[in-house]
Amino acid sequence: MKVAFFSSKRYDETFFKQNNEDGHELAFFETKLAPRSVALAEGARAVCVFVNDKVDRETLEGLRERGVAFLALRCAGFNNVDLAAAAELGIKVVRVPAYSPHAVAEHTLALLLTLNRRIHRSYNRVREGNFSLEGLVGFDLHGLTVGIIGTGKIGSITAKLFQGFGCKLLCHDKYENEELKERGATYVDLDTLFSQSDVISLHCPLMKETHHIIDAAAIAKMKKGVTIVNTSRGGLIGTADVIQGLKSGHIGNLAIDVYEEEESMFFEDQSATVMQDDVFARLLTFPNVLVTGHQAFFTDTALTQIARVTLDNLSELEKTGDCKNELRPS
Ligand SMILES: NC(=O)c1ccc[n+]([C@@H]2O[C@H](COP(=O)([O-])OP(=O)(O)OC[C@H]3O[C@@H](n4cnc5c(N)ncnc54)[C@H](O)[C@@H]3O)[C@@H](O)[C@H]2O)c1
């Protein structure tokens with residue numbers, strides 16, 4: 001079947017072409033999917049999108065008019081898709097529920113260790129012949145209490161990695177993970193997690209109830225000097241409130257791979273343009289803030305798996321009209 005890829009990068013093309021065993025006709029477009037770009041899907045039965053393609057009702061209507069029957073997300077999160085509108089229009093939506101939860105969990109630890117041990121700063125200093133240790137004091141992870149919000153695939157692996165460092169685990173989720181409990185983790189309410197954790201790591205999906213789960217009220221309940229890590233979705237954090245927390249010193253460290261307004265910036269080379277997002281620009285001024293541009297998933301293992309599962313999803317839809325990885329409105 002013909003598949004039109006939006007927000008496509010060279011690496012998408014490489015991994016999808018390498019894994020296209022069923023011989024789908026793949027058309028790659030760099031542009032994001034939006035009402036103004038739906039015309040590119042003309043003649044395609046399926047459209048493949050990524051995290052920052054905003055697939056709203058208008059876009060879905062445009063796709064439907066052009067005969068698109070399937071929308072394949074080459075990611076796990078689906079907060080960017082109007083599932084109810086897709087269902088009404090008869091467009092089936094599929095995703096890659098898990099590609100490499102290890103990739104994201106490992107990046108979470110990479111961010112935390114880099115930030116805590118000030119490696120982002122010492123890397124630059126040493127290259128300039130500055131071997132001073134002033135301002136590079138970190139802290140031992142061993143013995144700290146780590147709060148994990150969302151103990152699904154990624155959160156539970158992250159929790160185990162923290163245990164490897166000798167951290168005590170507090171978890172919060174609607175569903176308790178028995179394996180983590182057997183390994184000594186304790187499930188607590190959100191307020192307890194906020195008030196007792198030295199490090200808080202976010203791994204729940206972005207939904208109405210989790211939007212700005214880290215806001216001024218939540219920060220006020222946290223320990224002074226708390227470290228917050230977010231490799232889940234930007235909208236979990238109220239950035240303005242976090243900036244206030246950083247300015248006052250209540251938040252000691254912030255590591256993020258995602259940002260609530262990332263859509264207009266991430267995945268593109270913006271180095272020659274003037275940054276228009278003043279909030280993001282302010283974030284970058286803090287020595288105790290580390291930002292990566294939504295790269296937690298970005299390993300060869302994960303990219304291979306994303307390509308394979310997405311193409312399998314499309315083959316399954318083509319052959320049977322159904323798919324085990326279909327998303328339905330709740
Ligand atoms: N940065 C990246 O590159 C990247 C890559 C993949 C996924 N992600 C993000 O990571 C998130 C987690 O992925 P996953 O594969 O572990 O998903 P998952 O579905 O396996 O786990 C999510 C967990 O969050 C829990 N949850 C739901 N609502 C909650 C709430 N209000 N409070 C606490 N927990 C709640 C769920 O019960 C579930 O256990 C995804 O939603 C996605 O946004 C980021």
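Each ligand, and each atom within it, is numbered from 1 in the order the structure gives.
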Write out the residue and atom name of the closest protein heavy atom to atom 33 (C) of ligand 1, then the distance separating them to 0.1 Å. His172 O, 3.5 Å
Would you mind checking which non-hydrogen protein atom is closest to atom 31 (N) of ligand 1, with the distance to 0.1 Å? Thr210 CG2, 3.3 Å
Using the rule salt bridge (Lys or Arg N to Asp or Glu O under 4.0 Å), only one of Glu316, Glu318, Glu326 pairs with Lys92; which is it? Glu326
With a heavy-atom distance limit of 4.0 Å, tell me whether [X] approaches ligand 1 through its side chain, its backbone, both, or neither.
X      : answer
Asp257 : side chain
Met207 : side chain
Phe297 : both
Lys153 : both
Tyr99  : side chain
His107 : neither
Asp173 : both

Nearest non-hydrogen contact to atom 44 (C) of ligand 1 from the set Val258, Ile256, Thr231, Thr158 belongs to Thr231
Is any NZ, NE, NH1 or NH2 atom of the basic residue among Glu13 and Arg10 found under 4.0 Å from an Asp or Glu carboxylate oxygen of the other? no
Answer yes or no: is there an ion pair linking Glu263 with Lys54, defined by an N-O contact shorter than 4.0 Å? no
Set of salt bridge (Lys or Arg N to Asp or Glu O under 4.0 Å) partners for Arg233, sequence neighbours left out: none
Sequence neighbours left out, what passes salt bridge (Lys or Arg N to Asp or Glu O under 4.0 Å) with Asp191? Give chain and number order. Lys221
Out of the candidates Phe16, Tyr99, Phe297, only one should pair with Leu303 under the side-chain contact (heavy atoms from CB on, under 4.5 Å) rule; please name it. Phe297
Looking only at distances, please establish whether an N/O atom of ligand 1 is found under 3.5 Å from an N/O atom of Tyr175. no
Can you check whether Ile154 has an N/O within less than 3.5 Å of an N/O in ligand 1? yes
Any chance the side chains of Gln196 and Thr145 put a donor and an acceptor closer than 3.5 Å? no
Within the structure, is a non-hydrogen atom of Pro205 found at a distance of less than 4.0 Å from ligand 1? yes
Less than 4.0 Å is my threshold; does some heavy atom of Ser232 fall inside it relative to ligand 1? yes
